[in-house]
Amino acid sequence: DIFNSGSGAESDAYIIVDETHLQNIKYRPSAIYMLGDNISLTTDYKPVESFNGTLNGNDKYIYGYNISGVNEFVGLFKQSNDARFINIKLSRFDIDVMPQNEDLNISILVSNATNTYFDNIVVTSSSIKLTKDIANTSEYAGNINNSGKIYIGAIAGYASGCTFKNYDVVMDTTKNANIIINAKGGPSIKIYVGSVVGYADESVFETELTYDNTYNTFVMETDIAPSGSGNNPPSLKVGAVVGNDATIGGSYYPYKNDI
């Protein structure tokens with residue numbers, strides 16, 4: 001079979017022990033899954049397009065994913081709907097995105113989550129960047145379209161009707177900044193950044209986890225500029241937990257610009 005063992009039923013989950021098994025979720029997106037071992041990812045991993053099953057991380061780690069130069073929805077899963085993610089640990093993810101002329105949902109776990117339940121999700125030692133386009137020697141990654149929206153969160157980029165329980169995000173503390181935003185465009189471009197979710201609509205947040213005596217922490221560096229002289233730059237909204245709601249507890253630290 002395409003998994004280590006199991007049938008995908010509630011009482012007999014498919015067991016995942018390597019990257020290939022994780023990738024194969026795309027063939028049976030409604031099934032029940034459990035990690036049987038820590039999983040190291042390579043640059044060959046491609047996000048699962050859609051998921052409406054259950055992934056139980058069994059307190060194992062998924063780690064070591066580095067991706068750069070992408071211009072699309074980013075995450076282990078692109079879309080989730082009526083899905084469950086529980087007991088998952090994510091570490092050493094380095095995501096480097098160059099947005100050009102489209103909306104983006106950027107995350108480590110799920111790019112776009114709808115009616116999805118998250119419980120006991122821990123993210124550590126990771127970073128997310130919107131960076132300069134070195135290959136094309138241009139100063140910025142590119143102009144985003146006039147109505148573009150970018151949502152950045154470690155667990156979900158965008159969330160609608162979701163529940164988040166016992167989440168804990170401590171980004172890479174060895175770096176001066178672990179969420180870096182370089183963006184160029186007009187004031188109608190909206191960028192939302194939160195440690196857990198970039199933008200949340202009708203979602204519930206509650207947590208009791210305290211990884212290493214801290215939680216929901218990131219250090220942010222920004223370099224945001226207008227697309228032309230005399231114009232206003234893109235709009236940036238930041239929250240410790242949710243980008244569009246600064247009232248939910250946690251901490252972040254502006255590093256370069258006064259946000």
Side-chain angles (χ1 to χ4, degrees), residues 10 13-14 16 22 25-26 29-35 38-39 41 47-63 65 73-93 95 105-126 128 151-171 179 192-212 214-218 239-245 247-250 252:
E10 187 75 37
Y14 286 127
I16 294 173
L22 188 65
I25 289 176
K26 64 185 178 182
S30 301
I32 312 297
Y33 297 92
M34 179 181 291
L35 297 191
N38 298 325
I39 296 177
L41 299 181
V48 175
E49 290 285 339
S50 182
F51 183 64
N52 63 331
T54 294
L55 177 60
N56 184 344
N58 196 24
D59 288 325
K60 306 296 185 183
Y61 277 94
I62 302 174
Y63 66 94
Y65 186 46
F73 284 17
V74 179
L76 291 178
F77 297 81
K78 284 189 177 182
Q79 308 271 351
S80 68
N81 195 338
D82 294 321
R84 290 171 54 87
F85 295 94
I86 58 176
N87 307 321
I88 298 172
K89 295 180 178 180
L90 306 168
S91 188
R92 305 204 320 259
F93 280 68
I95 296 174
N105 296 348
I106 302 168
S107 184
I108 291 171
L109 184 54
V110 183
S111 296
N112 191 332
T114 303
N115 299 328
T116 296
Y117 179 85
F118 300 85
D119 189 5
N120 193 21
I121 310 296
V122 175
V123 181
T124 59
S125 303
S126 298
I128 298 174
Y151 303 133
I152 300 172
I155 295 177
Y158 177 84
S160 177
C162 296
T163 297
F164 295 83
K165 297 184 65 177
N166 301 319
Y167 48 81
D168 209 346
V169 176
V170 182
M171 302 295 276
I179 293 184
Y192 294 88
V193 181
S195 68
V196 177
V197 180
Y199 193 102
D201 182 27
E202 297 184 352
S203 296
V204 176
F205 295 82
E206 52 186 87
T207 189
E208 298 176 356
L209 290 178
T210 53
Y211 178 88
D212 197 22
T214 185
Y215 68 102
N216 309 321
T217 301
F218 61 93
V241 174
V242 183
N244 61 309
D245 188 348
T247 66
I248 300 175
Y252 75 93

Just wondering, do Phe93 and Leu41 contact through their side chains at under 4.5 Å, heavy atoms?
-> yes
Distance col, row Tyr63:OH vs Leu90:CG, nearest 0.5 angstrom, shows 13.0 Å
Which atoms form the tightest heavy-atom contact between Val197 and Phe205, and what is the distance?
-> CG2-CE2, 3.8 Å
Does Ser111 reach the main-chain N or O of Ile106 with its side chain, forming a donor-acceptor pair under 3.5 Å?
-> no
Tyr61 backbone acceptor or donor facing Asn38 side chain under 3.5 Å = yes
Residues that Ser30 engages under side chain to side chain contact (heavy atoms under 4.5 Å, CB included), provided they are two or more places apart | Asn52
Give, for atom NZ of Lys78 and atom OG of Ser50, the distance between the pair rounded to the nearest 0.5 Å.
-> 11.0 Å
Separation between CG of Leu76 and CD1 of Ile25, rounded to the nearest 0.5 Å | 9.0 Å
To the nearest 0.5 Å, atom OG of Ser195 lies from atom OH of Tyr167 at 8.0 Å
Shortest non-hydrogen pair, Phe164 vs Ser203, comes out as CE1-CB, 4.4 Å
Could you tell me whether the side chain of Asp201 reaches within less than 4.5 Å of the side chain of Tyr158, counting heavy atoms only?
-> yes
Given the rule in the side chain to side chain contact (heavy atoms under 4.5 Å, CB included) test, do Ile128 and Val74 qualify, once you have shown the distances and angles that lead to the verdict?
-> CA-CA 10 Å; Ile128 298 174; Val74 179; over 6 Å; no
Kindly indicate whether the side chain of Leu55, heavy atoms from C-beta on, has any atom under 4.5 Å from the side chain of Phe77.
-> yes
In terms of heavy-atom contacts, Leu35 and Gly57 come closest through CB-O, 3.4 Å
Under 3.5 Å donor-acceptor pairs involving side-chain atoms of residues 79-89, not counting sequence neighbours:
{"from": "Ser80", "atom 1": "OG", "to": "Thr116", "atom 2": "OG1", "distance (Å)": "2.8"}
{"from": "Asn87", "atom 1": "OD1", "to": "Asn120", "atom 2": "ND2", "distance (Å)": "2.9"}
{"from": "Asn87", "atom 1": "ND2", "to": "Asn56", "atom 2": "OD1", "distance (Å)": "3.2"}

Within-4.5 Å side-chain heavy-atom neighbours: Phe118 and Val196 | no
Ser91 side chain to Thr124 side chain, donor-acceptor N/O pair below 3.5 angstrom = yes
Is the closest side-chain heavy-atom distance between Ile108 and Ser126 below 4.5 Å?
-> yes
Sequence-distant partners of Asp119, side-chain hydrogen bond (donor to acceptor under 3.5 Å, both in side chains), two or more places apart = Tyr117, Asn166
Rounded to the nearest 0.5 Å, how far apart are CD1 of Ile95 and OG of Ser107?
-> 7.0 Å
